[in-house]
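Chain letters run A, B, ... following the sequence lines, proteins first and then strands; every chain starts at 1. This is a predicted model, so every value here is computed, not measured.
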Amino acid sequence: MAEISVILPDGSTRTISSGATAGDLAADIGPGLAKAALIATVDDVEVDLSSPLADGQQVSIITADSDAGLETLRHSTAHVLAQAVLEMYPGATYAVGPPIEDGFYYDFDLPDGATISDDDLEAIENRMREIIEADQPFERHEVSAAEGLELFADHPYKREIIETVAMAPDADADVGGQSADELADEVAGDGQISYYRNSDSFIDLCRGPHVPSTGRLGYFKLMSVAGAYWRRDSGRPSLQRIYGTAWASRKDLAGHLHRLAEAEKRDHRRLARELDLLSWPTELGPGLAVWHPKGAAVRRIIEDYSRDRHDEAGYQSVVTPHIARSELWETSGHLDFYRESMYPPMELDGASYHLKPMNCPFHVLIFKSSQRSYRDLPIRLFELGTVYRYELSGAVHGLMRIRGFTQDDSHIFATREQAPAEIASLVAFVLSVLRAFGFDSFEARLATRPLEKSIGEDAEWELATEALRDALEASGLEYELDEGGGAFYGPKIDIDVRDAIGRSWQLSTLQVDFQLPERFGLEYVGSDGNRHRPVMIHRALMGAIERFFGVLIEHCSGAFPAWLAPVQAAILPVAATHGDYAAEVEARLRQDGFRAEVSDAQEPLGRRIRAAKLQKLPYVLVVGDDDVAHGTVGVNARGTDGDERGVPLEDFAARLADEVEAHR
RNA sequence: GCCCGAGUAGCUCAGUCGGCAGAGCAGCUGUCUUGUAAACAGCAGGUCGCAGGUUCGAUUCCUGUCUCGGGCUCCA
């Protein structure tokens, strides 16, 4: 029997019989691998295990241990979902169903505008389990696009995919927002299409690969139903999207569901209410919040800290109004390029005014208010500037997406020569401040010129983008490219932080801008006595105080570190007779600027301790007879079991001071 | 803005197949005076999101609207 040899990932070669498949290779290597194998890569192309191998190929067997394996698992589970739905809802048709982070989704169009509700998910799940139980093989077939159109004659979305991708690969990829590239995930391309059959009645257009059979799946759960537009286009039909999660083992699935439950407990909207930090009265309208005393107390500490750091770093604080004449926004370009995010104009005394969506034009005017010399540069203006953006009503979300918010905004006016060093030091400054709040994991994106809606010369965009890229390279920060994601006036670096449970949130943004200085005619006098145009760097560090606060709440799960906690210590007299001493302790702590509160002895001690603990206070201090006699407190620290009795008050104050100083 | 879903006491949620609306927690009052995560009793609290419609009668059914949630799009 003829033999071939293939190269394994470790560089070794392995001889197998001619005509063997990737699955045969896995079995040849070992029964454990055969059992775990889902797909293979052959010369870096993902293929089914049923693919025959050829001599000299580099072959790697993929299991659910890898991202590629897990993605396949999820993709195949999505197919099973489609099979179940099509069986259960006669006349239904299906669109696309890719793997996504932690799971998958599939889009459906049901006949006569029927809908799927959350209550239906269980029945669909049950049908999926039957399909998995039946262990149906995923069989790959390749046919011409024309045959594909016939096969999917009753499924217009599938036909559209074939027509878009397989029959006209050069079609305008931009139509409808979902590019042909993305749809190409579904098929093989080059005039051929591939589809998978896993029962007499079910086929699906798909590029593959898939797990060998449905029996390899099983650790999944359907999560929710949502609407989604066909090809992400609000002008096209709205489909029913079912989201699910899928994992390699029962344990992984349970772990994921546990993480979701934990995330829900951290939800800043829930904690904001439970800890009495802020609320969103419906009377105000969507996306508008009011800060209660405790939330405002934390915010003030955050803002004070921010101001101090900016002072140290050579910024000058400025203050600007919330509205300005429309002419300003015409000059800046906002009305041309940002209008849809702006509140509509107010007509006053024959003039038109807009609420500000950004602070930059105001800072530009401050720069422009006097003649500037190169000796003055860089000029760093800083403002906690409140802006208003008309976010789509469906987009507002707690503090994370809100219509009125305050940016820790700064605009730096520098010479072209100064800009690169300034940007590099800005990145360091941003990270340093974020670290002070307990964030230590960052990701950056370099966003380049948008295809539509942007102003300026390509050469300037290129220059600005390079300056940002250099700063990122110098910072050692990992970053990815966001093609076309820049602001209308310039490219930007966005910095995301990862929170305590691994989710990332966009906070900082840093943008290089040659356009606004041009539009407003900004100048400085150089050492050569000539007038030059400065470069402007826009920078929001925490981004929006509101979002930052929301992220911070979720990061620390509402248990603010002592330096931020709205109440650092609750003082609980054991009985009413200890009330006077409790008041003394409170006064002593307040004298050092600590935030302490007495909880009177009207209720049993256990109940008051519980109440304080539920508020996640750093310290609960219990004072009774012994403490009155010796000037001590009983210290019950957050996150510890039990308590320390008889701690001298001064020792406790010193300890708290250390903690606040260290931002622990 | 679009799709789907949901709005019942401050909070979490029952309930009404159309016939005077319920619990727990929180709140208030009283009793208890407490040493480390829920004392006891009582009281009060609701135009069942809002506006129309159908009906003898609507919190319940229908329509519209507002708000919220999950997505889509967008974004600090």
Exercise for the section: Could you measure between the two P atoms, the one in B:G15 and the one in B:U67, and give it in whole Å? Expected result: 28 Å

Exercise for the section: Please collect all salt bridge (charged side-chain N to carboxylate O under 4.0 Å, His left out) contacts where either partner lies in residues 98-108 of chain A, sequence neighbours excluded, each pair once. Expected result: A:Asp107-A:Arg241

Problem - Inter-nucleotide P distance (B:G57, B:C20), Å rounded - result: 15 Å

Side-chain polar contacts of residues 277-291 of chain A - donor-acceptor pairs under 3.5 angstrom, sequence neighbours left out - could you list them?
residue, atom, partner, partner atom, Å
A:Ser279, OG, A:His292, NE2, 2.7
A:Trp280, NE1, A:Gly398, O, 3.2

Problem - Whole-angstrom distance between B:A6 and B:C13, as gauged at atom C1' - result: 14 Å

Practice task
Using the side-chain hydrogen bond (donor to acceptor under 3.5 Å, both in side chains) rule, collect all pairs that involve residues 428-438 of chain A, keeping only residues at least two apart or in two chains.
Solution key: A:Arg309-A:Ser432

Problem - Row check, A:Tyr94 ring normal vs A:Lys158 NZ/CZ: under 6.0 Å, within 45° - result: yes

Exercise for the section: Determine, for nucleotides 24-40 of chain B in 5'-to-3' order, which nucleotides have protein heavy atoms under 4.0 Å from the base (write B), from only the sugar-phosphate (write S), or from neither (write -). Expected result: --S-----BBBBBBBB-

Exercise for the section: Sequence neighbours left out, what passes salt bridge (charged side-chain N to carboxylate O under 4.0 Å, His left out) with A:Arg655? Give chain and number order. Expected result: A:Glu644

Practice task
For B:C32 and B:A41, measure between their P atoms and round to the nearest Å.
Solution key: 16 Å

Handout entry: From A:Phe548 atom CZ to A:Arg299 atom CZ, the distance as rounded to the nearest 0.5 Å
Key = 12.5 Å

Exercise for the section: State whether a side-chain donor-acceptor pair under 3.5 Å links A:Tyr157 with A:Asp109. Expected result: yes

Practice task
In whole angstrom, give me the gap between the P atoms of B:U47 and B:U60.
Solution key: 15 Å

Problem - Inter- and intrachain pairs under salt bridge (charged side-chain N to carboxylate O under 4.0 Å, His left out), touching residues 391-406 of chain A, at least two apart - result: A:Glu391-A:Arg401

Exercise for the section: Determine which pairs satisfy salt bridge (charged side-chain N to carboxylate O under 4.0 Å, His left out) with at least one residue from residues 441-450 of chain A, sequence neighbours left out, and list them in order. Expected result: A:Glu443-A:Arg498, A:Arg445-A:Asp494, A:Arg445-A:Asp496, A:Arg449-A:Asp458

Handout entry: Integer angstrom distance from the C1' of B:U59 to that of B:U8
Key = 8 Å

Handout entry: Electrostatic pair A:Glu303-A:Arg300, nearest N-O below 4.0 angstrom
Key = no

Practice task
Can you tell me which stems involve RNA chain B, if a stem is defined as three or more consecutive Watson-Crick or G-U wobble pairs, both distances under 3.5 Å?
Solution key: B:1-7 with B:66-72, B:10-13 with B:22-25, B:27-31 with B:39-43, B:49-53 with B:61-65

What's touching nucleotides 11-13 of chain B from the protein side, N or O pairs under 3.5 Å?
residue, atom, partner, partner atom, Å
B:C11, O3', A:Arg273, NE, 3.4
B:U12, OP1, A:Arg273, NH2, 3.0

Handout entry: Validation row: A:Leu605, A:Leu572 side chains within 4.5 angstrom (heavy atoms)
Key = yes

Handout entry: Ring centre gap for A:Tyr489 and A:His538 strictly below 6.0 Å
Key = yes

Exercise for the section: Please list, chain by chain and in numerical order, all residues satisfying ring-ring contact (aromatic ring centres under 6.0 Å, His included) with A:Phe104, sequence neighbours excluded. Expected result: none

Handout entry: Sugar-phosphate, base or nothing in reach of A:Phe549, heavy atoms under 4.0 Å
Key = nothing

Exercise for the section: For nucleotides B:C25 and B:A9, find the distance between their C1' atoms and express it as a whole number of Å. Expected result: 12 Å

Practice task
Figure out the NE2/P separation between A:His292 and B:G10, and round it to whole Å.
Solution key: 14 Å

Problem - Test salt bridge (charged side-chain N to carboxylate O under 4.0 Å, His left out) applied to A:Glu274 - qualifying residues, sequence neighbours left out - result: A:Arg270

Handout entry: Nearest-angstrom distance, P atom, B:C43 to B:C62
Key = 39 Å

Practice task
Encode nucleotides 65-76 of chain B as B, S and - characters from 5' to 3', where the letter depends on protein heavy atoms closer than 4.0 Å: B to the base, S only to sugar-phosphate, - to neither.
Solution key: --SSSBBBBBBB

